[in-house]
Amino acid sequence: MIAMNDDLQQLLTNLRLTKVAEILDEQVDAAEAESLPFKPLLARLLRAEWHHRQERSLASRIKRANMPETWTIESFPFKKQPGVKQRQIRTFAELDFVPKAENIVFVGKTGVGKTGIASGLLLKALQNGYRGAFVKAQDLFDEMYASLADRSTRKLVQYLSRLDLLVIDELGYLNLRPEQSNIFFKLLEERYRRHPTIITTNLDYAEWGSFLGNTTLVEALLSRLRHYCHTVRIDGPSLRDPSG
C-alpha cells in the first residue's frame, strides 16, 4: 500500500477531514486485508470523522460552559444522600425539562449535593447537543455590575438568555445594588418560557426579597420563575462530612 500522497493530504486538510487524514492509510490497509469493498470503507472513514467532530464539539461546549467539577448524575452518591429522590433526578436527566423550558430550583443547606446534581444535569444537556453555562451567583452579579461601566449589559443579557440551559449556583444572601437586581430580573424575564434555568440556593422563596430588595420586582420574578418549575428541597446530611 502506497502512503497517502501530498495531493490527497492537501484535499483532506482543505476539507477539514482531519480524522480521515489521520487514519486513512491504516484503514485502507485493513480494508485490503479484509477484502472490504469501497463503500463500507468510505462509511467507516466518514463514521470516524463524524465521531471525532462530535467529541470536539462536546469538548468545546464543556469548555465554554465553565463547568466547575466533574460531577455526573451516574456518579452522584445517592446512597449517602437520603434527602434526594434518585428517581426524580434520573427523570430530570432525561432532559424533557429543557425543550419544555421548565426551571429547576434546588433548595438546601450547604454541602447536600445541590451543585453536584445541577452540574450533572448541565453536563447531560451538553452531551446531548445543548448549549449551556454554569455560573456562581456572586460572579454573575459581579459581571452584571461590571457591564454597567462599559455599557455591555444588553450584550450580556442577550448571551445568557439564549443559552439552552443556564445554571446559577449558590444564590444566597448577597450585597446587591438595585441595578444588579434589575438586570437579574431582566435575564429571567427573557428566559421565561424560552429556556430553562437551574438555580441552587440555601434560601426558601420567602427569603429572596431580603437580598434582591424591591418587593414588587421579587414577586414578579418569582411568578415567572415558579410558573413552570420543579422545586426540589434537599433535607439531608452534608456530603462533605468526613464521618458520613
Can you give me every donor-acceptor pair (side chain of residues 155-163, partner residue at least two apart or in another chain, under 3.5 Å) with its distance?
from, atom 1, to, atom 2, distance (Å)
Ser161, OG, Val157, O, 2.9
Ser161, OG, Gln158, O, 3.0

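When ring centroids are compared, His230 and Phe97 stay outside the 6.0 Å threshold.
Within the model, atoms NZ of Lys136 and CG of Leu174 stand 12.0 Å from one another, a figure rounded to the nearest 0.5 Å. Note that the CG atom of Asp169 and the OG1 atom of Thr200 stand 3.5 Å from one another [nearest 0.5 Å]. For the atom pair Glu22 CD and Gln27 CD, the distance stands at 10.5 Å (nearest 0.5 Å). The structure places CD1 of Ile183 at 12.5 Å from CG of Leu188, a figure rounded to the nearest 0.5 Å.
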Stepwise salt bridge (Lys or Arg N to Asp or Glu O under 4.0 Å) test for Arg233 and Asp204: CA-CA 9 Å; Arg233 291 180 170 81; Asp204 216 327; 2.8 Å; yes
Does the salt bridge (Lys or Arg N to Asp or Glu O under 4.0 Å) test come out yes or no for Glu190 and Lys186, once each step is laid out? CA-CA 6 Å; Glu190 295 202 8; Lys186 183 64 176 175; 3.6 Å; yes
Residue pair Arg44, Glu34: steps toward the salt bridge (Lys or Arg N to Asp or Glu O under 4.0 Å) verdict: CA-CA 13 Å; Arg44 181 182 294 180; Glu34 301 169 22; 3.3 Å; yes
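In this structure a side-chain-to-backbone donor-acceptor pair under 3.5 Å is missing from Glu102 to Pro196. Of the possible polar contacts, none joining the Glu94 side chain to the Asp96 backbone as a donor-acceptor pair under 3.5 Å is found. A donor-acceptor pair under 3.5 Å is absent between the side-chain atoms of Glu170 and the main chain of Ala137, judged by distance alone. A side-chain donor-acceptor contact under 3.5 Å links Arg61 to the backbone of Leu126.
Inter-residue side-chain proximity for Asn214 and Pro178 is flagged as unmet; no heavy-atom pair is nearer than 4.5 Å. The closest side-chain heavy-atom distance from His227 to Tyr192 is below 4.5 Å.
Applying the under-4.5 Å side-chain rule to Ile, Leu, Val, Met, Phe, Trp and Tyr, the cluster around Phe38 extends to Leu42, Leu46.
Classified by interplanar angle (parallel below 30°, tilted 30° to 60°, perpendicular above 60°), the ring pair Phe211/Tyr173 is perpendicular.
Closest approach of Leu12 and Ala21 over heavy atoms only: CD1-CA, 3.7 Å.
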